[in-house]
Amino acid sequence: MKKAILFLALFLICVTAFSYTLGIQGKYVSVNIAGFYRAMQVTYVYPNSVASRFLHPGDLIIAASYAAIYAPGIENNTVMNISGQYIYNLSGYYDFAISSEQYFMDVVSGIGSPAAVITFVIYRNGSYIEYILGY
C-alpha cells in the first residue's frame, strides 16, 4: 500500500511539473527507435502553453537538453523563440536521450529562465524533428 501511495505521489508531481512549465501531460514509456529506448509520450497539450506551439498528443520526446547561455542584456529578453527542423542523423543526440523522468523534469525546469536554451528531439509520424526553445 505504501508503494502504491508513493508511486501515485511521484506520478502527480511529475504531471504537475510538466503541466506548469511546459504545458503537457505525458507518460514515460519504453520505445525502440533508432537507438533510443525511453521516451516521454505526450498525452495532452494544454492550450496557450509553451508546448502548444510545437508539440502534439502522441509525440514521443526521445531526447532533451538544457544549456544556459549568458550574454549582456539577455536577462531582459522575455520573448521565447521556438525553431524546428527535420533531422536525419541522430548520432549527436544520444547523450541527451530521455533516461528517466527526473532527467526530463530537470530539463523542463529550465523553461522560463532568461538564459535557457532547451532542445527537444521529437519522433512524430516517422520523422525526427529538433525543436530549440530560447530567449
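Minimum interatomic distance between V107 and A64 (heavy atoms only, all atoms of both residues): CG1-CB, 3.8 Å. The minimum heavy-atom distance linking G23 with S49 is given by the pair O-OG, 3.4 Å.
A donor-acceptor pair shorter than 3.5 Å cannot be found between the side chains of S127 and N125. Side-chain atoms of E130 and Y93 include a donor-acceptor pair closer than 3.5 Å. Counted by atom type alone, R38 and S99 present zero donor-acceptor pairs between their side chains at under 3.5 Å.
Taken to the nearest 0.5 Å, the CE atom of M40 stands 8.5 Å off from the CE atom of M105.
Transitive grouping of hydrophobic side chains (ILVMFWY, heavy atoms separated by less than 4.5 Å) brings I118 and I82 into a common cluster. Criterion: ILVMFWY side-chain heavy atoms under 4.5 Å apart, direct or through other members. Under it, F104 and V121 are not part of a common hydrophobic cluster. V45 and I61 fall within the same hydrophobic cluster, defined by Ile, Leu, Val, Met, Phe, Trp and Tyr side-chain heavy atoms under 4.5 Å apart, directly or through other members. Residue L22 is grouped with residue I98 when hydrophobic side chains (ILVMFWY) are merged at heavy-atom distances under 4.5 angstrom, including chains of intermediate members. Y28 and V31 fall into different hydrophobic clusters, where Ile, Leu, Val, Met, Phe, Trp and Tyr are joined by side-chain heavy atoms under 4.5 Å apart, directly or via other members.
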### Task
Report the C-alpha distance between I122 and I62 in whole Å, list the side-chain angles of each, state the deciding distance to 0.1 Å, and finish with yes or no for side-chain contact (heavy atoms from CB on, under 4.5 Å).
CA-CA 6 Å; I122 311 299; I62 59 173; over 6 Å; no
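Using a 4.5 Å heavy-atom cutoff, the side chains of F36 and L90 are in contact. Between Y103 and F96 there is a side-chain heavy-atom pair separated by less than 4.5 Å. Between D59 and H56, the closest side-chain pair of non-hydrogen atoms falls below 4.5 Å. Within the 4.5 Å cutoff, the side chain of L60 has no heavy atoms near those of the Y128 side chain.
The aromatic ring centroids of Y131 and F54 lie less than 6.0 Å from each other. Aromatic pair Y46/Y44: ring centres closer than 6.0 Å.
When V117, T119, V50 are each tested for a side chain to side chain contact (heavy atoms under 4.5 Å, CB included) with L133, only one passes: V50.
Remark: S83 engages I132 in a side chain to side chain contact (heavy atoms under 4.5 Å, CB included) (not counting sequence neighbours).
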